[in-house]
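Reviewing the structure listed below.
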Amino acid sequence: MEEEKVQWTSHLSFILATVGSAVGLGNIWRFPYIMGKNGGAVFLLTYLFIIAFICIIPLCCELFIGKKYKTDTIQAIKSVNSKFTWVGWLCIITVILIPCFYFVVGGWILNYIWIFLTNNLPANFSGYFNSYSSQIFMPVFLTILFLIMTAAFPFRGVNKGIEKANNIMMPLFTLMLIGLAIYALFQPGAKDGLMFMFKPDFTQFNKTMILTALGQALFTLSIGMGTILTYGSYMKDKTNIIKSGYTLIFCDTLIALIAGIMIFPIVFTFNVEPSAGAALAFISLPEMFSKLPFSSIYGLIFFTLLFFASITSGISMMETGILSIIKNFNITRKRATIILTVIIGLISIPSTLSFGILKDFTLFNKTIFDLLDYSTSNILLPFNTLLICLLSGWCIKSLWKEILGENIFGYIFNILLKFVVPIILILVLVTGL
Ligand code: PHE
């Protein structure tokens, strides 16, 4: 479709959009905890090494392929090597499955925004969360509402929808995050909280920690499903790939660290066990917020920033699927958005219900929600990333020269791309399974 020859209106818009995609639940409810549990500063150093030397490679490859072919993931990979078009399809399947669990959390966030807004706080959040998430009507309704809110932006187009959303939400998100982090630093538990996050523990340096860091890095940078490729396809020709890649990595990591500074001083002020995921964001943190002065404002800001983080990630997931539907089935953007929304909606319903009536419906010992999470994060993402690296390294001969030029950095990039990163990813896959 002709309609799709679009570009970001400015470099800043491009950066905000990719940062919006990368910064999500992974940064806020997972990274700080993983860092604290896996050796603090030692984990941080390992993680920085991994993103700076390993993850930068597939990140640049996706940006490069997007920028070069200026089309969706499937057609772009087909142009790289038509025998491997299925790799593009695999990426699209992944990017359709991720929202099916991610948006369930989006629905919970909407519900929490509502209860903090109306100051209708339950006496006990643990009981509340378990009984709320196991209901039928409300959670399904809010998952679908979150889906429709997300879809509304790509529905309006890249410049009018996606770009505007990120240009407004990302600065607001950052302001709120910094505000809450500064507030947290003045709490009595600040020192212990920072100690938990940063204190180096060298005994934790082992294989599992390295794998954890790599898995987290791929998920948080939105690598391995064509999202970065799709956003890269709207890049201007003069945009520098390596610089953009490192800017994204820098912002994503900085935000994850500030998120930790926002969370752990509070956790240690109230002396609760640090945790991650749903239990942290929907049970222990709100429990503590309700004890702070101005509790409902604090909670409201926290869940609103979580909402911005997750919707901007959600928009990028949807856009990846939508552009592929437009390009491969030759239909309009609006139609493509509706089709994708229906598909995701249908899979999200059983996924939402897997906390309630479908709790006992398990496959490989996992509920539908857990299965979607596990199969995408632990299997499909590293597998797709591996294939993207191999294709970029072995089928696009000039890639490293065009990204870095024929110099020492280019040679190193080429060796990392062709050998080192694939071997590491194979190791991750083998151990992950
Ligand atoms: N990077 C996002 C996060 O950290 C998740 C995401 C995955 C976004 C895949 C887009 C595509 O939460």
Side-chain angles (χ1 to χ4, degrees), residues 22-59 105 177 181 184 189-224 248-269 271-285 306 309 370 373-374 376-379 381-382 385 420-421 423-433:
V23 170
L25 297 170
N27 303 60
I28 298 170
W29 82 6
R30 232 172 127 235
F31 179 87
Y33 175 76
I34 294 187
M35 178 171 158
K37 272 279 148 167
N38 285 280
V42 180
F43 178 87
L44 181 61
L45 285 180
T46 316
Y47 180 83
L48 288 178
F49 183 85
I50 288 178
I51 44 173
F53 296 105
I54 312 272
C55 297
I56 186 70
I57 307 283
L59 184 60
V105 182
L177 182 76
K191 194 169 147 245
D192 291 338
L194 296 182
M195 286 282 274
F196 169 77
M197 246 183 100
F198 290 99
K199 192 168 158 253
D201 176 0
F202 290 92
T203 60
Q204 295 284 342
F205 188 83
N206 56 34
K207 198 179 75 197
T208 330
M209 182 254 242
I210 297 174
L211 294 179
T212 311
L214 187 66
Q216 167 68 14
L218 292 181
F219 186 79
T220 185
L221 292 172
S222 316
I223 298 175
L248 175 60
I249 284 180
F250 175 78
C251 295
D252 186 74
T253 311
L254 188 66
I255 287 177
L257 289 173
I258 302 178
I261 298 175
M262 160 183 81
I263 291 170
F264 288 117
I266 307 280
V267 169
F268 281 84
T269 297
N271 238 334
V272 292
E273 255 311 286
S275 62
L280 172 73
F282 296 100
I283 299 172
S284 28
L285 283 178
L306 213 51
D370 290 336
D373 182 5
Y374 183 85
T376 50
S377 316
N378 296 22
I379 303 168
L381 288 191
T385 309
V420 181
V421 178
I423 292 173
I424 292 176
L425 287 169
I426 291 172
L427 284 178
V428 174
L429 274 162
V430 176
T431 14
L433 294 175

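Keep in mind that the numbers below use all heavy atoms, side chains included, and drop hydrogens, waters and symmetry copies. These numbers come from a predicted model, not from an experiment.
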Would you call Phe53 and Val421 a side-chain contact if the rule is heavy atoms closer than 4.5 Å?
no

Between CD1 on residue Ile263 and CE on residue Met197, distance to nearest 0.5 Å:
8.5 Å

Which heavy atom in Ile51 sits nearest to a heavy atom in Ala217, and how many Å separate them?
CG2-CB, 3.6 Å

Contacts of Asp201 meeting side-chain hydrogen bond (donor to acceptor under 3.5 Å, both in side chains) (sequence neighbours excluded), chain-then-number -> Thr203

Distance col, row Met209:CE vs Leu214:CG, nearest 0.5 angstrom, shows 12.5 Å

side-chain hydrogen bond (donor to acceptor under 3.5 Å, both in side chains) partners for Asn206, two or more places apart
none

Aromatic ring pairing Phe268/Phe196, orientation class (parallel under 30°, perpendicular over 60°, tilted between):
tilted

Kindly compute the distance separating OG1 (Thr269) from CG (Asp192), expressed to the nearest 0.5 Å.
8.5 Å

The reported gap from OG1 in Thr212 to CZ in Arg30 (rounded to nearest 0.5 angstrom) is 8.5 Å

Sequence neighbours left out, what passes ring-ring contact (aromatic ring centres under 6.0 Å, His included) with Phe205? Give chain and number order.
none

Return the minimal non-hydrogen interatomic distance between Ala184 and Ala190, and the atom names on each side.
O-CB, 4.0 Å

Compare every heavy atom of Pro32 with every heavy atom of Phe264, then report the nearest pair and how far apart it is.
CE1-CB, 3.3 Å

With sequence neighbours excluded, residues passing side-chain hydrogen bond (donor to acceptor under 3.5 Å, both in side chains) with Asn38:
none

Report yes if the side chains of Asn378 and Val428 come closer than 4.5 Å at any heavy-atom pair, otherwise no.
no

Looking only at non-hydrogen atoms, find the nearest pair between Ala256 and Phe31 and report the distance.
CB-CD2, 3.4 Å

Side chain to side chain donor-acceptor pair (under 3.5 Å) partners of residues 250-268, not counting sequence neighbours, each pair once
Asn27-Asp252, Thr220-Asp252

Which atom pair, heavy atoms only, marks the closest approach of Ala22 to Ser222?
CA-OG, 3.6 Å

When rounded to the nearest 0.5 Å, the distance separating OG of Ser284 from CD1 of Ile266 is 12.0 Å

Is the Tyr47 ring parallel, tilted or perpendicular to the Phe43 ring (thresholds 30°, 60°)?
parallel

Among residues at least two apart in sequence or on other chains, which ones pass side chain to side chain contact (heavy atoms under 4.5 Å, CB included) with Ala181?
Ile258, Ile261, Met262

Is the backbone N or O of Gly215 less than 3.5 Å from a side-chain atom of Ser377, with the two atoms forming a donor-acceptor pair by type?
no

With heavy-atom distances below 4.5 Å as the criterion, would you say the side chains of Phe282 and Val105 are in contact?
yes

Which of these passes side chain to side chain contact (heavy atoms under 4.5 Å, CB included) with Leu425: Leu218, Val420, Leu381, Ile54?
Leu218

Rounded to the nearest 0.5 angstrom, the SG-CD1 distance for Cys55 and Ile424 is 9.5 Å

